[in-house]
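In what follows, a single structure is set out as structure tokens and then discussed.
Protein chains get the first letters and strands the later ones, always in sequence-line order, with residue 1 at the start of each. Heavy-atom basis, side chains included; hydrogens, waters and symmetry copies ignored.
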There are 2 protein chains.
Amino acid sequence: MAGRAARPGGACARAEEPGGPRQRRRLHHHPFGLQHGQRVPQHGPRPREPAGGVPRRGLPDGALQALVLREHPPRQGHPADVPCRLPGDPAPQGDEIAKAAGDLQNARTARILFGNERFRRGSGGTGVEKAKSIKEIARLAGVSTATVSRVINQNGRFSKETEERVLRVIRQNDYTPNMSAKGLRTSRTRVIGVVVPDITNPHFANVVLHLEMEFTRRGYSCLICNTNESSSLEKKHIRSLTAQNVSGIVLISSTRNYTELDSLPVVYVDRPSRSEKERGEGVMIESDNTQGGYLATRELLGAGCRHILILKCLGNDSNQLARYRGFQRAIGEAGVEEEEALRINLDAVSIDGARKAVADLLDGGVAFDGIMSTTDTMAAGAVIALREHGLSVPRDVLVTGFDDCQLAEACGPGLTSVHQDVAEMSRLATELLFQMMRGERPERSHYRLPVTLTVRKSTRR
Amino acid sequence: MAGRAARPGGACARAEEPGGPRQRRRLHHHPFGLQHGQRVPQHGPRPREPAGGVPRRGLPDGALQALVLREHPPRQGHPADVPCRLPGDPAPQGDEIAKAAGDLQNARTARILFGNERFRRGSGGTGVEKAKSIKEIARLAGVSTATVSRVINQNGRFSKETEERVLRVIRQNDYTPNMSAKGLRTSRTRVIGVVVPDITNPHFANVVLHLEMEFTRRGYSCLICNTNESSSLEKKHIRSLTAQNVSGIVLISSTRNYTELDSLPVVYVDRPSRSEKERGEGVMIESDNTQGGYLATRELLGAGCRHILILKCLGNDSNQLARYRGFQRAIGEAGVEEEEALRINLDAVSIDGARKAVADLLDGGVAFDGIMSTTDTMAAGAVIALREHGLSVPRDVLVTGFDDCQLAEACGPGLTSVHQDVAEMSRLATELLFQMMRGERPERSHYRLPVTLTVRKSTRR
DNA sequence: CTGTTAGCGCTTTCAC
DNA sequence: GTGAAAGCGCTAACAG
């Protein structure tokens, strides 16, 4: 295979074609062909026919694109270079689909929402045998499927010898239970949904990593859903998760009004409900953001700052507000007055947005000796702006961040930042979720984890 | 509920108890109680009994911890503060379980691998009705389930009027198909597995975000698996994914020898096979890392650097090597000789590791005028080390990074970095995966995407 | 302790 | 164009 002559290809060098030119045009021929000796079931899923079969109809995969695109726009990369674009790439059918957005209006939308993959693999392929079932294991072990099931799930009611025999057969045949069947039968899939606003936010990435580790440890998988801060996308994700019979959900969101979740174990993480008591159900874990804002501000005050710029972001993240309240408490206690001019509210969290905002302030001649930022990202932007204006951190201005992510370590002189105990947060979230999945009621419905201040050079002259 | 008196609680303030003290001890009472009028099926899953039922046996959730812990250790947060620890937190039963690691040795391991959630929700709860099935929809629409199915999947063979009626009923009842059943029947679940080494790596987080967006657009979900660079964990994840009948897999790994994947659409992203032709199957997409290394090095050479420190990492990521080769090519073309002393090989990618290594070199009096780092993270560490030694970037030393992540924007004066077109990579990966899922053969089996250089101040004096 | 069996919700063949 | 019915793989009630 590797010895074949490489075809020149377009912009991308070294494109190989494993199938060789002869097969190139047989697009509808499934690469994982049907095994010849395979049994053809009377009923049940029809294995792929070699060529014809049901012709592909309905919308191609590009269809949903237009639908979701409006609220989930693809991030701009470098729009100039779009290399190696595939031929036949269907142009998104914008208007036609877009008007069906959000609801099930017609068949086309139905297809979008529920459609099948048309071309399934044949369950046998080139030398690949069909996955073993519990029946097969039962036959080989000389017991009933019920017994195999009991052994697998350690539900008791079997003898030591039977157990050993069954387990041996399981091992020898490399058997793994079919989770779809299990899920159908038990309404639980050993999959946990994690709904997160934006996984590229280092803080959330960290949360997801830790959650995933905790789940894996317990033999569960992690279905991840980015909402991109869109509430309608969030709702879709949640519907999708319930449709998939997930065992539980971890939700990073301020929203609490999903009736879909009433019968499902849910743990809310990181973002408290906006209306404080929107819905009683569900368990909530958050860091003590107010305390974090307080600690950061105290650090600045302790170093002598008296004119502290507060850099925060409006938007969905209610934690920003809590951090700001901590700031207010600290300066209040210190007898420092809050200055209207020293408050920046950004629309979105970004390095460059913060940089520009701080630069504007500096250009306008506003004076301050400290910056308390409610995220590391914005703090990084602030540090850049200061440097560009010839100001030194920490000599001229002290800066604190929030989240203590990699950025804080790398930024300028090292950024003092409020550290959230993400590992503990994730551990606790998982623990509580599993309690609920077991049918137990967690001791509390609200946990607030202490934060600490990681002091770096940005606040120590 | 919100009006109830808050119990003082332990270290965490404001702990609420939604159930009130009376219910507190009834841990085995399911919070989502059984609806009273609910039908009790003769067979099939038994809804939770109020109290007794099958007593909880076998290992608690902590069991798998010890098993996986050794290869997937929890990252250290701030070990000092472990607040709000739950009571009854089971101590992991280390040795007992650990010796069963890696294989199915005994019943206990079986339970760990396959065990059920013991306590399912009653399918009805407080006012929550059972999820509707296709049968219910069929009844309400006055058609058969077959017809409903055909409408949902747009498989044809129904009249316009029938279609409208069915869709109306579906809408009115807020029906969503049960994906477990669908998965069982069709062996495909509209879920795509993404296996990634470490999601906190900003580059991978970015890839995952874009993949997830592409999947969501097409109505698919994203099951994410962190391998933490452990090959045995990777294997477990892959087995788990196949057991769950995922529709396809995106794999960021150098490994190509999973027979489990032979019958499944797989796209390899980012990391080429180590042995270049280990297995012909599967489609591979990567950035042109060699070209990236080349571009970065050229940038340094063009600015006059003649003694360039190469900062790379040994380990699983074969891209590091490609980038290094680009470096070699560039200096070769420029007639610059590679200096043994100017090569740092780190064990792992970290800011602090790079900082220390570069600091050691500086302390040792090794002289260089440029640094070509194979990741932004290490570049950030290098910049810190330089600054700590009183050297200025870019005045004294020029630096380039790789990946063009947030760190590059925030680091020092702004880091010139090689930009990978992650959006296009994800788009292409998804496109190819869906082609394979449809049974089509992609045009090529190997795609190499062009990279660009994002020039910032670290290379422009 | 073990086996028989119904059926979870869905898709698809076959018969009309 | 439509419906009846089988059966995907698994669990759990029930009978022995």
**OP:** Would you kindly give the CG-to-P distance between A:N153 and D:dG9, to the nearest whole Å?
**Re:** 17 Å
Original post:
Nearest of C:dC10, D:dT2, D:dA12 to any side-chain atom of A:A146?
Top reply: D:dA12
Original post:
Which listed nucleotide (D:dC10, D:dT11, C:dC10) is nearest to the side chain of A:P177?
Top reply: D:dC10
**OP:** Check every atom of D:dC10, D:dT11, C:dG9 against the side chain of A:T186 and return the nucleotide holding the closest atom.
**Re:** D:dT11
Original post:
Minimum heavy-atom separation for A:I134 to A:S149, with atom names?
Top reply: CD1-N, 3.7 Å
Original post:
When the ring planes of B:F215 and B:F434 are compared, do they come out parallel, tilted or perpendicular, using 30° and 60° as the limits?
Top reply: tilted
Original post:
Over how many whole Å does the gap from A:K160 atom NZ to C:dC1 atom C1' extend?
Top reply: 15 Å
Original post:
What nucleotide, of D:dG9, C:dC10, D:dT2, holds the atom closest to the side chain of B:I134?
Top reply: C:dC10
Original post:
Taking the side chain of B:S144 as heavy atoms from C-beta outward, which of C:dG3, D:dA4, D:dG9 is closest to it?
Top reply: D:dA4
Original post:
Taking atom C1' of C:dC8 as reference, at what distance in whole Å does atom NZ of B:K132 sit?
Top reply: 17 Å
Original post:
Taking CG from B:N245 and P from D:dC8, how many angstroms apart are they, rounded to a whole number?
Top reply: 14 Å
**OP:** Check whether any side-chain N or O of A:S187 sits under 4.0 Å from OP1 or OP2 of C:dC8, and answer yes or no.
**Re:** no
Subject >> Exercise: identify the closest heavy-atom pair between A:T242 and A:E260 >> reply: CG2-O, 3.8 Å
**OP:** Mind checking A:V148 for me? I need base, sugar-phosphate or nothing, with any heavy atom below 4.0 Å counting as a touch.
**Re:** nothing
Original post:
Rounded to whole angstrom units, what separation is found between the CZ atom of A:F158 and the C1' atom of C:dT4?
Top reply: 19 Å
**OP:** Consider the side chain of B:R150, meaning its heavy atoms from C-beta on, and name the nucleotide among C:dC10, C:dA6, D:dT2 that approaches it most closely.
**Re:** D:dT2
Original post:
Of the candidate nucleotides D:dG9, C:dG9, C:dC1, which contains the atom at the shortest distance from the side chain of A:R185?
Top reply: D:dG9
Original post:
For the pair made of NZ in A:K135 and P in C:dT4, what is the distance, rounded to whole Å?
Top reply: 12 Å
Subject >> Side chains of A:N245 and B:S180, donor plus acceptor under 3.5 Å >> reply: yes
Original post:
Rounded to whole angstrom units, what separation is found between the NZ atom of A:K182 and the C1' atom of D:dG9?
Top reply: 11 Å
Subject >> Whichever of A:T162 and A:A181 has its nearest DNA chain C nucleotide further upstream toward 5' >> reply: A:T162
Subject >> Minimum-distance nucleotide (side-chain atoms of B:N178 versus C:dC10, D:dC10, D:dG3) >> reply: C:dC10
**OP:** Please check the phosphate of D:dC10 (OP1 and OP2 only) for any side-chain N or O of A:Y175 closer than 4.0 Å.
**Re:** yes
Original post:
Closer than 4.0 Å, any side-chain N/O of B:T147 to the OP1 or OP2 of D:dG3?
Top reply: yes
Original post:
With no hydrogens and no angle check, do the side chains of B:E136 and B:Y175 hold a donor and an acceptor under 3.5 Å apart?
Top reply: no
**OP:** Report yes if at least one side-chain N or O of A:N155 is closer than 4.0 Å to OP1 or OP2 of D:dT11; otherwise report no.
**Re:** no
**OP:** Given side-chain contact (heavy atoms from CB on, under 4.5 Å), test A:T189 with A:M179 step by step and report yes or no.
**Re:** CA-CA 6 Å; A:T189 48; A:M179 291 320 249; 6.0 Å; no
Original post:
Rounded to the Å, how far apart are A:M179 CE and D:dG9 P?
Top reply: 15 Å
